[in-house]
Protein chains: 2
Amino acid sequence: MSETAPRPTLEAVAARAGVSRATVSRVVNGGDGVREPLVERVRRAVEELGYVPNQAARSLVTRRHDAIAVVVAEPETRVFADPFFALQLRGISKELTAHDNQLVLLLTEGRDDHARVGRYLAGGHVDGALVFSLHLDDPLPGLIQRAGIPTVFGGRPGWRDGTGEEVVYVDSDNRGGARDAVRHLVGLGRSRVAHITGALDQTSAVDRLEGFRDVVGDVDARLVVEGDFTPAGGERAMRELLDRCPDVDAVFAANDLTASGALRVLREHGRRVPDDVAVIGFDDMLPIAEQTDPPLTTIRQDIEEMGRLMARLLLKGSGDAMSGVVLPTTLVRRASA
Amino acid sequence: MSETAPRPTLEAVAARAGVSRATVSRVVNGGDGVREPLVERVRRAVEELGYVPNQAARSLVTRRHDAIAVVVAEPETRVFADPFFALQLRGISKELTAHDNQLVLLLTEGRDDHARVGRYLAGGHVDGALVFSLHLDDPLPGLIQRAGIPTVFGGRPGWRDGTGEEVVYVDSDNRGGARDAVRHLVGLGRSRVAHITGALDQTSAVDRLEGFRDVVGDVDARLVVEGDFTPAGGERAMRELLDRCPDVDAVFAANDLTASGALRVLREHGRRVPDDVAVIGFDDMLPIAEQTDPPLTTIRQDIEEMGRLMARLLLKGSGDAMSGVVLPTTLVRRASA
DNA sequence: TTGAAAGCGCTAACAG
DNA sequence: CTGTTAGCGCTTTCAA
């Protein structure tokens, strides 16, 4: 990679404006305590020279970087098969941008990467980290805690650390949303409500299952079948469901992707939705929920806002000692239930 | 955000190992020209102190950052509705990681952001940039060229700069792939082959249309209808197509998403695929192509590899003065054609 | 209010 | 081979 052209320094600006480096520095950083005429002169010099502060030099003394890391463990392609992650990223990006922070993206796959990420985080390159720990047994969170930098998790982490330290996270009200979904189904007069779960090594899946149980009470075990948040998983689960309980009249799918798979199988088996079987999803992933046949009734979570909030908490220092923020969900009614 | 704990410096390591800072520096940076026993002593000291180099200090003198920016203009949600971008990102990330580079993600929306990105890039925070310029009239590329840092574009940029400067980009062989697709359809004995285009303000869509024309020769204008790379666009276009030419017997859709929409409409109209109408897509986006009914025959492009290659070119300095690299595509045969 | 001076932690000549 | 030295460009006391 070729060298970038030499850029003007604070020194150069100072010379041009006929002031000291210190004064230029003050102006560049807000200009408090500098008399107006000087401010003006410095501003002009900055303009003329096209001066941009050298971030490395600044960080060296301030020990701040105005950058945060976003860590995503993505051992599976699933992360990429739905727009979930991208939406959070967008929310994060917006918030960071608004606060002049940069986003350093750390994608990990496998063990070696964990060490690398740990080192990077501990290396003081960034002011904080936003991490998405999808799985219950993920070693990443531990590593990051050890790195000792401010961290906010996306989704409720699956572990409880014995240390009693606060774990800051942002999550959707998965359990409450699931309850709403199932209540809706029950309100429709359905009596044999099934649940296709998500991947149960993720807290979101566990929480949604809990919500389902909250409403259904003692569940006929045959009405709960494990999925994995994918359409294929949804298909498989739906087949099994139909096989076990041909009289099932409603399905709460752990997410929209799962629901789309389930819908396909129902159609294939000649069941009419919602007449024979009502189906409800979770997420309200527009490109999916609006495109299914019939359009999907689902539980909406504001994913972009989750990202935004994570960034906001991290930047604020979350000194409020709050540990988790849970965002509400809403029922979006379309045609499938 | 709270301060990170004070970390050991080179000085500290030197003291502990009983050598000079320079020696420690040498060891940390590869250890060439340092006698083994010393190397060992230094290594141990580093280990014991948990020393991690201060990147800011290092950058200050080396003027390198071991970081590159990935710039994505995403005025529309479309970027997030398909996994395309995420896959490229993954390829990029892998390659950068292998070369100990960090990935700074710059998401832009709207004009103000452009200025911000321009400033950042010009500000010498990163060693280079990877840019995804989706649209023909995007002002971003210009801005970036002006920033004067090494840049590789994802997808053939829509403009030709008069400067005669080399523009480095990585793209799929959209035109060739399109030709393969249409030839396949023709080889199936289809005689009324239609094309649903992508958003024609993107070079990929234009190139695929060209490829279509290459094979079909003088096209019946009614057989080309504009889409926008979305399922909804595909539906709309397919309806129009059926309306205009009820006897259409094959469709080349600009991408898999478009094809999925077209399939839906065909089914709705009682056309059998591929018996009545053969359908072929572009991308081979697995979660889509494998889930459609019937599974989609399509043109595969190796998206992750594109990302990887972009990163490789940037890091290599692409001093080979080559301007564009075009990756081959392959036909993936499933059931729809 | 402004300026002078002292580093932040590191690398890179240059000596030895 | 190893150590000494001089900065990289900036912020931040401390005086003036």
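Chain letters run A, B, ... following the sequence lines, proteins first and then strands; every chain starts at 1. All values below were derived from every heavy atom in this structure, side-chain atoms included, with hydrogens, water molecules and symmetry-related copies excluded.
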* To do: List for me each residue that meets side-chain hydrogen bond (donor to acceptor under 3.5 Å, both in side chains) alongside B:Glu305, sequence neighbours excluded, and say none if there are none.
  => none
* **Distance, nearest 0.5 Å, that separates CG of A:Leu103 from NZ of A:Lys94** => 14.0 Å
* Structure fact -> By side-chain hydrogen bond (donor to acceptor under 3.5 Å, both in side chains), A:Asn54 pairs with (sequence neighbours left out) none
* Mind checking what makes ring pair (Phe, Tyr, Trp, His ring centres under 6.0 Å) contact with B:Tyr120, not counting sequence neighbours? -> B:His125
* Enter the inter-axis angle for the ends of the helix from C:dT1-D:dA16 to C:dG16-D:dC1 (five pairs per end, rounded to 10°). => 30°
* To do: Just grab all the salt bridge (Lys or Arg N to Asp or Glu O under 4.0 Å) pairs involving residues 15-27 of chain A, residues at least two apart or on different chains.
  => A:Glu11-A:Arg21, A:Arg16-A:Glu48
* To do: Name all pairs fulfilling the salt bridge (Lys or Arg N to Asp or Glu O under 4.0 Å) condition that reach into residues 27-37 of chain B, sequence neighbours left out, sorted by first residue then second.
  => none
* Counterpart residues, side-chain hydrogen bond (donor to acceptor under 3.5 Å, both in side chains), relative to B:His65 (two or more places apart) -> B:Asp127
* To do: Enter the distance from B:Phe85:CZ to B:Arg90:CZ here, rounded to the nearest 0.5 Å.
  => 13.5 Å
* Asked: Taking only residues two or more places apart in sequence, or in another chain, which ones meet A:Asp113 in a side-chain contact (heavy atoms from CB on, under 4.5 Å)?
  -> A:Thr108, A:Glu109, A:Arg116, B:Thr97
* Where along residues 37-50 of chain B does a heavy atom fall under 4.0 Å from DNA chain D? -> B:Leu38
* Side-chain touch B:Leu107/B:Val71, heavy atoms, less than 4.5 angstrom -> no
* Set of residues satisfying side-chain hydrogen bond (donor to acceptor under 3.5 Å, both in side chains) with respect to B:Ser25, sequence neighbours excluded -> B:Asn29
* **For chain A, the stretch of DNA chain D it reaches, first to last nucleotide, under 4.0 Å of its heavy atoms** => D:dG9 to D:dT13
* When every nucleotide of nucleotides 8-16 of chain C is labelled 5' to 3' by its protein contacts under 4.0 Å (heavy atoms), B for base, S for sugar-phosphate only, - for none, what sequence of letters results? -> BBBBBB---
* Quick one: pull up CG in B:Leu309 and CG in B:Leu314 and give me the separation to the nearest 0.5 Å. => 11.0 Å
